[in-house]
Enquirer: 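Please find one structure pasted underneath; my questions will follow.
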Amino acid sequence: MEVSFLINGVSQRVDVDADTPLLWVIRDILDLKGTKFGCGKAACGACTIHIDGEAVRACAYAVKFAEGKSITTIEGLSVGDKLHPVQQAWMEEVVPQCGYCQPGFMMATAALLEKIPQPTDQDIDDNIVNVCRCATYYRMRKAIHRAAAIKQETR
Amino acid sequence: MSTENKKKGFSRRKFLTRSAIGLGVILGSGYLSRNLIRRYLAGAINELEPSYQGNTKSPSLWFEITAANEIILHSPKVEMGQGTFTGLAQIAADELEVDISQIQVVHAASASGNLDGLSTGGSTSISGLWQPLRELAATMREMVKQAAAQQMGVDVAELSVNNGVITAAGKSLTYGAVVKEVSEWVVPKTPPLKPIKDYKFVGKPVPRVDLRDKVLGAPIFGMDATMPDMLFGAVVRPPMIGATYAGADTAAAAKMPGVVKIVSEPDFVGVVATSRMAAENAKQAIQANWTTEKSWQTADIEAMIKVGQGTPYVIQKSGNAQRLLAAGEDIITAEFKSPIGAHAQLEPNGAVAFVEGDKATIMISTQVVKLTRGEVAKRLGIAEENVNIQPTFLGGGFGRRLHTPNAVQAAVLSKAVGKPVKCFFDRQEEFQNDTFRPPTHHVLKAKLDADGMIAAIEHNVSSGDVMFGSPMFPALAEPLLGADVGAWRGGMIQYGAIPNYQTISWRVKLPFATSWWRSLGLLANTFAIESFMDELALKAGKDPVEYRLAQIQDDEAGTRLKSVIRAAAEKAGWRDEVVDGRAMGFAASTDAQTPCAQVVEVSIENEEIKVHKVTCAIDPGLAVNPDQVRAQCEGAIIMGLSATMYEQMIVKDSVLYPTIYGPYRMALMRDAPREIDVVILENTGVPGAVGEPPLGPIGAAIANAVFRLTGRRLREMPLAIA
Ligand code: FES
Ligand code: FES
């Protein structure tokens, strides 16, 4: 099946099995490797991307539903050399350890800040439910608050 | 020679003397018991973790200097999140006299020759490379300076060096410019190292060198690795405990779209296809047969893991605890348990392999580059030198990547089709084919004297294997040691002022693979011992912190342990009372010579244990990067909390469950303490272990706090109060 969509501002057309998870289209066909495979069952969030601004777990999203949608991956979060406030905050708090889960968390956070620009700790607990085995949660929480502040300043 | 070198040299000499001469004497004395040899070895291993076995003499294997004056450091240790690359860059920059931004750390391919004979693990990467890397970097700097002196026609003594630029008599050359003109290096004698106080990067909280890549989501992991013209493979893995592969019906799979080849081997069956989906679908269509001997349930495993079953090995003994604890009404006894634990690292195991004739290239996340190479070479029947392992960044290690059969499987698939093949575990396979943290059972006994101090104490631990049976561990040592070194890690009594104490390890061979899991036996052993210490303190009517301090000996290890205990208690404002529904809990441990103490603040909310704050004091000897020491403590604390409070695998009809995150409950953002306060002490001047030691105390500290809140002593991980 042919599917067309916009990804990180570039329009793409792929011809694949309609039920292929969008994750594999992004990683294997479009060669954008920042979106990670952690479980394939919508249970870890490593594959979190934005579809029309909503955080979505790409491993559980069949490519056929992507027709005409606008997709953003971690590669599209920064613009040129300019990091997104979330990425900037992540740098400043030195969040990543192994780093594997981090794109998913940053994508989930970026989407959260669009909905709730100044999230409380409770908002963070309720909305950031990805898995980090290196358990960098302590710094992530600080980075999320910092990202909110950076975003506020640059608005 | 600076002070820290002297110290290091001293302790190393001491060890060599003890292992070479000491062991000889013991083995030579026929009348001495095997137990004594065992305890001697156990003591030596407990103190000294093997850390590095590779090149220490050829700077050019390690450093590549580019024309742009960048230094590429080829690391034989892998980066799995622990921050090793950053520490190595700091160390190298200081001795090379360059800015840290000029250094780029990469994984050394095995073909580069810079190959570590050991693994990356055991919290030893920085401590093991501390001395050799400084010497290599200093030597490299001298090599470049000598070449520069020649090129500039001046004496080496006239050169000054700054940020990789060499200046003399008004002229300047970058390292890169000097190196370009060199056709052959002369390796000089190792120059003296700088005093630590002169280091600009070592000891400073510099940002991780891999930070930007990781924030950009750069393709740096094994899962991201590709090769041109690559196909996709999938391998059918054993679905249950004890399953032996007994052939498969592959007819239906072979006909499916996209399938290139079905690969049937004596020990497994796999498929190669043109896309991941095609490979996955075909794999589902393969009907594999398995033979099993017995159906296993969790209860069977629990019945095996029991102190009193199998052979006891006394691994630590001082005085005569056995006699004192043999009988009597005043003997205090307690039991503790921990479950099977999964690694659950975020990046599943996988590999991309290309076998061409008698050569093979494998890109893979591995903690054991040399072992992986050897296994692939053996399976393909080619020379080890013909296999090039290109390690990638690891999406978590924790011991999971000390076993890499996936490299062999990818290589076999690639050989069958003559093209590069990528294959990996899915998440269910990760959970079911993990090399688990073994379950444990602990029995502790003690007797108090008239003042309430411990007169005798004994710790019995029953555990599945951790190191035994692994190709990493010399099989020869098994009968000599008897008990598994990894299983009793953290299991020895660290209160050396107690007159009589002993530790007994009971070995159990489980029917499924168990292995290293970050900190090995430390978490469970400390959970048991430090919960028991808390009980004894309360029984004696003493403050648990003072009670511990009073029973620690005054040697170097004891002094360091006491200082972290005091530091944690002081920083946390330790008080043994419940205030506003919150209680504190205390515990301490020593792992690989790094002592660590933690105070937790806990409440019960909606019938759940809530950890609000953790104060952690650690003495890694010297913190090469204090910010990363902090990061390791934060991560280890939350990972340990997760294992203590939520995680467990069960066995039902020989199948291991759960098979997915969520049901395999792990700590999430909402479970992480809002406050983690880390105090770093540096009492030896030499970097020691960091990645695992802070995992020790957390479990017991939480359970001890819960006791104060509920009056209930929780004796089983995962902790349950409902
Ligand atoms: S890979 Fe998609 S949620 Fe885990
Ligand atoms: S940083 Fe390793 S899993 Fe999150």
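In what follows, chains are A, B, ... by sequence order, proteins preceding strands, each numbered from 1.
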Enquirer: With heavy-atom distances below 4.5 Å as the criterion, would you say the side chains of R212(B) and Q87(A) are in contact?
Expert: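 Heavy-atom side-chain distance check fails, nothing below 4.5 Å.
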
Enquirer: Below 4.5 Å, heavy-atom pairs only: which of D126(A), I29(A), V95(A), V94(A) has the largest tally toward chain B?
Expert: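 Max contact count across the listed options: V94(A).
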
Enquirer: With heavy-atom distances below 4.5 Å as the criterion, would you say the side chains of I144(A) and M669(B) are in contact?
Expert: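 Sidechains of M669(B) and I144(A): in contact.
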
Enquirer: Among A344(B), G83(B), G662(B), which residue has the highest count of heavy-atom pairs closer than 4.5 Å to chain A?
Expert: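 It is A344(B).
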
Enquirer: Does some side-chain heavy atom of T226(B) sit less than 4.5 Å from a side-chain heavy atom of K33(A)?
Expert: yes

Enquirer: Tell me whether R427(B) contacts the main-chain N or O of G38(A) through its side chain, where contact means a donor paired with an acceptor under 3.5 Å.
Expert: yes

Enquirer: Given side chains that start at C-beta, do those of C98(A) and Q345(B) come closer than 4.5 Å, heavy atoms only?
Expert: no

Enquirer: Quick check for you: among M80(B), R208(B), E430(B), R518(B), which has the greatest number of heavy-atom pairs under 4.5 Å with chain A?
Expert: R208(B)

Enquirer: Give, as side chain, backbone, both or neither, the part of M639(B) having an atom under 4.5 angstrom from any heavy atom of chain A.
Expert: both

Enquirer: Quick check on A631(B) against chain A: is it the side chain, the backbone, both or neither that has a heavy atom closer than 4.5 Å?
Expert: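 Contact with chain A: backbone and side chain both.
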
Enquirer: Counting only heavy atoms closer than 4.5 Å, note whether M277(B) contacts chain A via side chain, backbone, both or neither.
Expert: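 Only the side chain of M277(B) comes within 4.5 Å of chain A.
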
Enquirer: Taking side chain as C-beta onward, heavy atoms only, is W24(A) less than 4.5 Å from S275(B)?
Expert: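 Contact flag for W24(A)/S275(B) side chains = no.
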
Enquirer: Using heavy-atom distances under 4.5 Å, tell me whether L83(A) contacts chain B through its side chain, its backbone, both, or neither.
Expert: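 For L83(A), side-chain heavy atoms alone lie under 4.5 Å from chain B.
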
Enquirer: Using a 4.5 Å cut-off on heavy atoms from C-beta on, say whether the side chain of R27(A) contacts that of D224(B).
Expert: yes

Enquirer: So for S78(A), is it side chain, backbone, both, or neither that comes closer than 4.5 Å to the heavy atoms of chain B?
Expert: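 Side chain only.
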
Enquirer: Between I74(A) and L216(B), is there a side-chain heavy-atom distance shorter than 4.5 Å?
Expert: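 In short, these two side chains do not touch, never coming nearer than 4.5 Å.
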
Enquirer: If you tally heavy-atom pairs under 4.5 Å against chain B, which of N130(A), T20(A), D31(A), T35(A) wins?
Expert: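 Heavy-atom pair counts peak at T20(A).
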
Enquirer: Just so I understand: if I count every heavy-atom pair under 4.5 Å between each of L394(B), D213(B), I220(B), D627(B) and chain A, which residue has the most?
Expert: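 If we count pairs closer than 4.5 Å to chain A, D627(B) comes out on top.
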
Enquirer: Which heavy atom of F424(B) sits nearest to which heavy atom of F37(A), and what is that distance?
Expert: CE1-CE2, 3.6 Å

Enquirer: Give a yes or no answer on whether the side chain of Q102(A) reaches the backbone of K214(B) with a donor-acceptor pair at less than 3.5 Å.
Expert: no

Enquirer: What part of F431(B) is in contact with chain A, defined as an atom under 4.5 angstrom from a non-hydrogen atom: side chain, backbone, both or neither?
Expert: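 Looking at F431(B), nothing touches chain A.
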
Enquirer: Does a side-chain N-to-carboxylate-O contact under 4.0 Å join K422(B) and D28(A)?
Expert: no

Enquirer: For Y661(B), is it the side chain, the backbone, both, or neither that has a heavy atom closer than 4.5 Å to a heavy atom of chain A?
Expert: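 Both parts, backbone and side chain.
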
Enquirer: Heavy atoms only, distances under 4.5 angstrom: which of E79(B), M223(B), R674(B) has the most pairs with chain A? Name it, please.
Expert: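 Highest number of pairs under 4.5 Å: R674(B).
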
Enquirer: If I measure from the heavy atoms of chain A, does P257(B) come under 4.5 Å with its side chain, its backbone, both, or neither?
Expert: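 Neither part.
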
Enquirer: For residues L346(B) and C44(A), determine if any side-chain heavy atom of one lies less than 4.5 Å from a side-chain heavy atom of the other.
Expert: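 With C-beta onward as the side chain, the pair touches.
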
Enquirer: Checking Q628(B) against chain A: side chain, backbone, both or neither under 4.5 Å from a heavy atom?
Expert: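 Contact with chain A: side chain only.
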
Enquirer: Where the side chain of K36(A) meets the backbone of E347(B), is there a donor-acceptor pair that is under 3.5 Å apart?
Expert: no

Enquirer: Is a side-chain donor or acceptor of R133(A) paired with a backbone partner of H343(B) at a separation under 3.5 angstrom?
Expert: yes

Enquirer: What heavy-atom pair brings Y100(A) and G395(B) nearest, and what distance separates the two atoms?
Expert: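 Where Y100(A) meets G395(B) most closely, the heavy atoms are CB-CA, 3.7 Å.
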
Enquirer: Which atoms of M91(A) come close to chain B, meaning under 4.5 Å heavy atom to heavy atom: side chain ones, backbone ones, both, or neither?
Expert: both

Enquirer: Find the one option among I637(B), L668(B), D671(B) whose heavy-atom pairs under 4.5 Å with chain A are most numerous.
Expert: L668(B)

Enquirer: Locate the shortest heavy-atom distance separating I638(B) from Y137(A); write the atom from each residue and the value.
Expert: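 Closest approach of I638(B) to Y137(A): CG2-CD1, 3.9 Å.
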
Enquirer: Begin from the C-alpha positions of R670(B) and D121(A) and carry the test salt bridge (Lys or Arg N to Asp or Glu O under 4.0 Å) through to its verdict.
Expert: CA-CA 9 Å; R670(B) 65 172 187 268; D121(A) 281 326; over 6 Å; no

Enquirer: Answer yes or no: is there an ion pair linking R139(A) with E634(B), defined by an N-O contact shorter than 4.0 Å?
Expert: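 Result for this pair is yes, salt bridge flagged.
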
